[in-house]
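Step one of this worksheet: look at the structure below.
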Amino acid sequence: MSDWNGRRWHDMGGQAAGPVPMEGHDFALWEKRVDALMVVCGKKGLFTVDGLRRALEDMGEDAFERYSYYERWIAAVNQNLIEAGVYSLEELATRMNEIAARGPTYAEAQRNG
Amino acid sequence: MAERVRVRAITPPGHVRAPWYLRGKTGMIERPLGEFHNPEQLAYGLPAAKKRLYRVRFSMAEIWGEAAENVTDTLDAEIYEHWLEPEDTHAP
Amino acid sequence: MPHDHPDHFHHEGVSPSGHPYRDDNDGPLTYWQRMEIAVRELLIEKGQMTPVEIAAQIEAMDSRSPTNGAAVVARAWANPAFRVRLLENASEASREMGFDIGPLNLIAVQNTAQTHNLIVCTLCSCYPRNLLGLPPDWYKTREYRSRAVCEPRAVLREFGLDLPATTTVRVHDSTADMRYIVLPLRPAGSEGMTEAELAALVTRDSMIGTGLPRQP
């Protein structure tokens with residue numbers, strides 16, 4: 001038996017936590033692209049920012065701790081596009097393998113990269 | 001909508017925008033914000049009805065009790081109409 | 001021999017903006033980067049969007065920065081009629097200045113001698129990004145999201161701002177469709193400054209509420 005009070009992990013307001021980490025970083029091109037894909041998908045009506053948030057929440061706390069902000073975003077964008085039927089999981093997986101074969105870095109893995 | 005409102009103390013398992021720390025807490029409507037599509041339906045790709053949205057002001061003392069840093073400090077949050085009930089409704 | 005090191009910033013691992021470069025810029029291709037490339041290519045091949053649209057969106061986001069918000073704040077300081085319009089409808093006031101903020105619903109909350117405002121999003125990372133650009137990393141952390149609503153004064157002290165008990169703190173949790181910008185108090189000694197000079201006093205953090213404007 002295990003009970004639960006129903007509080008979801010992302011609903012953080014008021015919880016104890018340490019000092020605010022002040023370090024920042026400049027966004028990499030691939031991160032800017034993830035951000036842009038989300039916004040353009042929204043403008044095209046493929047899904048909403050609410051759908052993005054729902055997918056992020058459903059990924060769970062382990063994903064929040066383990067992956068970076070835009071790593072979680074691309075996973076959530078993909079989740080919504082799969083659900084919307086824009087492409088299939090098989091198409092995605094095949095393409096990701098093709099991309100790995102193009103080269104060892106992000107720049108080299110671009111088509112015509 | 002009454003001026004003094006309480007955030008409903010319900011705990012649905014999916015995507016909602018009423019934060020946990022405000023559920024069951026009473027505040028004053030600061031201003032109405034108009035109508036917006038319900039995020040609880042948008043989040044699942046469903047057609048979404050429009051819901052009235054309010055900015056509600058809570059005192060830190062109401063939210064945190066004696067743990068509040070300063071009782072005159074306040075917190076404002078946007079809460080959809082279906083998460084609000086009149087203050088005089090019997091608390092669960 | 002300082003001129004021998006034109007690439008100084010790279011050697012230090014710090015960009016000209018003072019932030020470290022993310023180490024995965026040049027590292028081995030990751031799973032998530034492969035997913036980004038795949039999703040982008042499939043969206044384009046399926047006719048859902050064009051590379052030009054994606055590039056235009058990146059450019060639009062890159063063009064947004066705290067400088068835009070600073071210009072809005074400076075005009076509100078310099079122009080009482082604009083200040084009234086900003087407090088009534090910050091989206092329209094920002095558009096009036098020519099900023100492309102898209103569908104942003106913006107509310108300006110003003111600091112006074114007695115009141116200090118602070119912005120947070122406890123549920124995710126909502127931020128007035130269409131005016132100020134992308135949020136700083138700390139805004140998205142568990143620590144800021146958790147604590148800003150229950151111990152804002154302790155959080156502000158970490159940002160170097162120690163408010164007296166006589167100041168009322170108003171925290172704004174961006175839980176739904178509105179986004180917020182703080183209209184800071186115009187610094188003493190800024191009388192007679194031009195709008196451009198005033199804008200240079202306005203920091204990003206002063207518009208989130210975790211800081212104050214620079215002193216003239």
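None of the values given here were measured: they were computed from a predicted structure. Proteins get letters first, then strands, A, B, ... in listed order; numbering begins at 1 in each.
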Please determine which of B:Arg8, B:Lys51, B:Lys50, B:Arg52 meets the salt bridge (charged side-chain N to carboxylate O under 4.0 Å, His left out) test together with B:Glu81.
-> B:Arg52

Step through the shown structure and confirm whether more than 12 heavy atoms of other residues, nucleotides or ligands are within 6.0 Å of CZ on C:Arg142.
-> yes

Taking everything shown except C:Gln110 itself, do over 12 heavy atoms lie less than 6.0 Å from its CD?
-> yes

Segment of [X] engaging chain B (4.5 angstrom heavy-atom cut-off):
{"X": "C:Thr122", "result": "side chain"}
{"X": "C:Thr167", "result": "backbone"}
{"X": "C:Leu118", "result": "neither"}
{"X": "C:Val109", "result": "side chain"}
{"X": "C:Asn117", "result": "neither"}

Out of B:Ile79, B:Leu84, B:Leu33, which residue meets the side chain to side chain contact (heavy atoms under 4.5 Å, CB included) rule with B:Tyr54?
-> B:Leu84

CA sep, side-chain torsions, deciding dist, call: C:Arg153, B:Asp73, salt bridge (charged side-chain N to carboxylate O under 4.0 Å, His left out) | CA-CA 10 Å; C:Arg153 289 166 184 270; B:Asp73 291 349; 2.8 Å; yes

Under 4.5 Å from a heavy atom of chain C, the part of [X] involved:
{"X": "B:Leu53", "answer": "side chain"}
{"X": "B:Phe58", "answer": "neither"}
{"X": "B:Pro19", "answer": "both"}

Among B:Glu69, B:Arg55, B:Met60, the residue with the most heavy-atom pairs under 4.5 Å to chain C is B:Glu69

Do C:Ser94 and C:Ser91 meet the criterion of a side-chain donor-acceptor pair at a distance under 3.5 Å?
-> no

Whether B:Trp64 and B:Tyr21 hold their rings parallel, tilted or perpendicular, with breakpoints at 30° and 60° = parallel

